[in-house]
Engineer: 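Got a structure for you, questions after.
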Amino acid sequence: MSEIAAVNSHVEMLNAHQPFDADFAEIFFESSSLDLQLETKAFDTLRAGVEDPEVRLVVLTGDAGHGKTHLCGLLVADLTGGSLKEASELLRGDDYGGSELARCPDGRSLRVIRDLSEKNPEAGGETLKNALEPGSTVTVVCGNDGQLRACANAAGLESVAILVNGSVTRGQMRSEDGFIALINLNHQSVVAPGDDQSILRQLLSSWVLDNDKWEECSGCARRSVCPIFHNRNQLAEHGQNGEGRIAAIETLLQVAEQTGNTITIRELLIYVAHLITGGLRCTDVEERVAERPDATDWQWGHLFHQVAFGQLLTAAQLRELDVFSGVRKLDPGRRAIRSIDDRLSDIDSSFGLFPPPYRASSGPTPTTTTAQKAEALEHKLRWRAARRWSFFEALTDSGDAGTVHPSRRVGLRHIADFTAVATDDLPERRKLEIRRSLVRGLEAIQGIHRSGQPGELYVANPAFLARNADTTVVGRKLSLGKIRLMSVGAAWRHQSGTETTDVRNAIDWIDRFVVLSLDGDAAPPGRRLELMLHEFEFLLSAAKGLRSEQFFAAEIRRLFRQLINQGPSEEDPEQLIVFSGLSRHTFMVDGEMILRTDS
């Protein structure tokens, strides 16, 4: 029997996960009917919470798309012994937590409120208050941070509001009385390393590595020219090649998370589905091949290393999804690195089966402006495509002395230092050097430049800074001896006074920021700066005189606002230090006179 064009039901399912709308209703929960099961530490923590006889209320909080409803479905299915589909029907039929859905091992009944926002703050607050009453029931409540605070304030439940705030500022998970357990899924990472597979690798294992899901493609006449099938084969390749490409995807998502983007499981499903399909359906491939049966110059734009950076999406779609907007900023195709580009000199060998369109160099030289622009665009697209391809192929040959790790290809030169600080894996001498550089960077973004080793951190007077951007008047000094650089785990331990902070073991976790404490080890949140990876990078670059005030305008405003809100000055109030460019001047205030005291 001759081969025919086939429609793979798995590819159709992948396309169903690409609405490119962050609010697409419960895509992860619905995916349970599509044989997708992702194991997370959050579920084990949820199960432990409802089984704790002291706990009356378990709160699941976080942005839409983290899988709060899915976790509740898994819990009900686990306690009842039924299927996830049956648990889904129980949850949907429940009248806002009014029904007993299951029995806990200790005999208490389980009630679930899928979305606290379905009621106004007053009604939601009353629900929380009822859940905290002693009795034979344990309640699981899902809601975002803002709604929880509003409901808690409406009901006068100070313990709930304190716990929600504490979950953000110090990873707190239990109320002081022990009656409330809170799981903040905004801390959850889709690429967290650990003993088990990360959420990303579980997803790839189900969607890419499962050969049964791709069996329908084996008899398709179009498979040799199909970019979807090519993407799958590239990611599923055995050995170092496939592993290197997956590791590069992990690097992109990890850096995206560490630069301030919250990637929910819902967005991960969308992203990975888009990587595999390249935005195409089987019918799209059939139509294109039918028009040009032998063409191999259109597939390149749908290969995973091209669509990974959202080039097929509109600006509005990129803004709606953190995963794409975060990865877009890391695009290696837009960065010229000499050591990389020199290795791509034979650019035609960089594309394999599906090269982008290219006018042969032996052809006629373009003579019109339009033709010259078209040639320049082709040249730019080919170089971007080659750089992206080399990014995902960087680890395929671990023995190549010229290999540049993907983490060095995303424009972040100090990622190794950030990781070492975040994981408490840095010698004390090096940590002190980085601390001094960060202090210099904080001064540089205020327009303060001085030579020598700083013994304190100068903070500008915001009033004078606003009036004259070329002159900076120092408003206060913070002692360098009190400034500490530490991981977020260390900061939380010092503040809480306990040795461990269980949130890092309770969910799939990576360190997203480091802490620069301005008042000793145990400084409260208002006296410490939490630096994401890009902010850490920017301050170290600013310390060397390299900065982009326009690109980092939002970060500069945030850091400066935190600096000027610090405690009282340690400087003599009658002394003024003024920086003008690279010059420093010192003045004394004597009654109504201002005297210059420097030479």
Side-chain angles (χ1 to χ4, degrees), residues 231 244-245 247-261 263 271 274-275 278-279 300-352 354-358 372-395 402-415 418 532-538 540-541 546-555:
N231 285 338
R245 292 162 191 144
I249 296 172
E250 283 183 316
T251 296
L252 284 177
L253 297 184
Q254 179 175 326
V255 173
E257 288 185 332
Q258 290 176 327
T259 51
N261 300 279
I263 301 177
Y271 184 73
H274 190 62
L275 281 186
W300 73 277
H302 301 278
L303 300 182
F304 76 92
H305 58 266
Q306 296 298 316
V307 302
F309 304 97
Q311 71 172 31
L312 299 181
L313 307 186
T314 65
Q317 289 170 334
L318 289 172
R319 287 193 301 270
E320 289 172 356
L321 295 166
D322 266 10
V323 62
F324 279 103
S325 60
V327 170
R328 179 76 169 176
K329 300 170 186 174
L330 309 175
D331 186 356
R334 300 174 182 270
R335 291 183 174 85
I337 301 175
R338 181 65 179 268
S339 61
I340 300 298
D341 288 354
D342 284 348
R343 291 161 58 83
L344 297 175
S345 56
D346 184 13
I347 195 170
D348 290 329
S349 66
S350 302
F351 301 112
F354 306 122
Y358 181 59
Q372 290 172 349
K373 288 182 178 180
E375 184 182 59
L377 178 61
E378 286 181 359
H379 186 74
K380 179 174 71 173
L381 290 177
R382 284 175 66 81
W383 273 102
R384 283 186 179 176
R387 289 167 179 163
R388 290 167 179 165
W389 172 86
S390 71
F391 173 83
F392 287 98
E393 299 298 311
L395 300 180
T403 295
V404 179
H405 193 278
S407 63
R408 297 294 305 274
R409 299 282 305 279
V410 295
L412 298 168
R413 300 170 63 89
H414 302 287
I415 190 170
F418 177 88
M532 306 291 289
L533 174 55
H534 61 298
E535 296 167 334
F536 180 88
E537 179 84 20
F538 170 59
L540 292 183
S541 299
L546 305 173
R547 55 181 176 158
S548 175
E549 292 187 358
Q550 183 174 0
F551 187 80
F552 287 95
E555 286 79 8

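The basis for the numbers below is simple: all heavy atoms, side chains too, and nothing from hydrogens, waters or symmetry mates.
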Engineer: Can you see which heavy atom on E257 is nearest to which on M532, and at what distance?
Structural biologist: O-CE, 3.7 Å
Engineer: Could you tell me which non-hydrogen atom of A256 sits nearest to which non-hydrogen atom of G326, and how far apart they are?
Structural biologist: CB-C, 4.2 Å
Engineer: Aromatic rings H305 and F392: how do their planes relate, parallel, tilted or perpendicular, breaks at 30° and 60°?
Structural biologist: tilted
Engineer: Go through the steps for L321 and Y271 under the test side chain to side chain contact (heavy atoms under 4.5 Å, CB included), then give the verdict.
Structural biologist: CA-CA 9 Å; L321 295 166; Y271 184 73; over 6 Å; no
Engineer: How many angstroms lie between NE2 in H302 and NE2 in H274, if you round to the nearest 0.5 Å?
Structural biologist: 9.5 Å
Engineer: Which value, rounded to the nearest 0.5 Å, describes the distance between E375 atom CD and K373 atom NZ?
Structural biologist: 14.0 Å
Engineer: Which residue, V327, D322, V255, forms the side-chain contact (heavy atoms from CB on, under 4.5 Å) with N261?
Structural biologist: D322
Engineer: Take L381 and W300 through the side chain to side chain contact (heavy atoms under 4.5 Å, CB included) test and state the conclusion after the steps.
Structural biologist: CA-CA 11 Å; L381 290 177; W300 73 277; 4.3 Å; yes
Engineer: Rounded to the nearest 0.5 Å, how far apart are CZ of R384 and CZ of R387?
Structural biologist: 8.5 Å
Engineer: For G310 and F324, work out which heavy atoms get closest and say how close.
Structural biologist: CA-CD2, 3.8 Å
Engineer: Can you name the side-chain hydrogen bond (donor to acceptor under 3.5 Å, both in side chains) partners of Q258, sequence neighbours left out?
Structural biologist: none
Engineer: Do S390 and R409 have side-chain N/O donor and acceptor atoms under 3.5 Å apart?
Structural biologist: yes
Engineer: If you round to the nearest 0.5 Å, how far is CG of L252 from NZ of K329?
Structural biologist: 14.0 Å
Engineer: Carefully, step by step, assess R328 and R334 under the rule side chain to side chain contact (heavy atoms under 4.5 Å, CB included).
Structural biologist: CA-CA 10 Å; R328 179 76 169 176; R334 300 174 182 270; 2.9 Å; yes
Engineer: With sequence neighbours excluded, tell me which residues meet side-chain hydrogen bond (donor to acceptor under 3.5 Å, both in side chains) with R388.
Structural biologist: Q306, Q311, D331
Engineer: When rounded to the nearest 0.5 angstrom, what distance separates CG in L412 from OG1 in T251?
Structural biologist: 11.5 Å
Engineer: Quick one, N231 with L275, criterion side chain to side chain contact (heavy atoms under 4.5 Å, CB included). Give me CA distance, side-chain angles, the key distance, then yes/no.
Structural biologist: CA-CA 8 Å; N231 285 338; L275 281 186; over 6 Å; no
Engineer: For the CD atom of E535 and the CG atom of L540, what is their distance to the nearest 0.5 Å?
Structural biologist: 12.0 Å
Engineer: Who are the side-chain hydrogen bond (donor to acceptor under 3.5 Å, both in side chains) partners of H414, not counting sequence neighbours?
Structural biologist: none
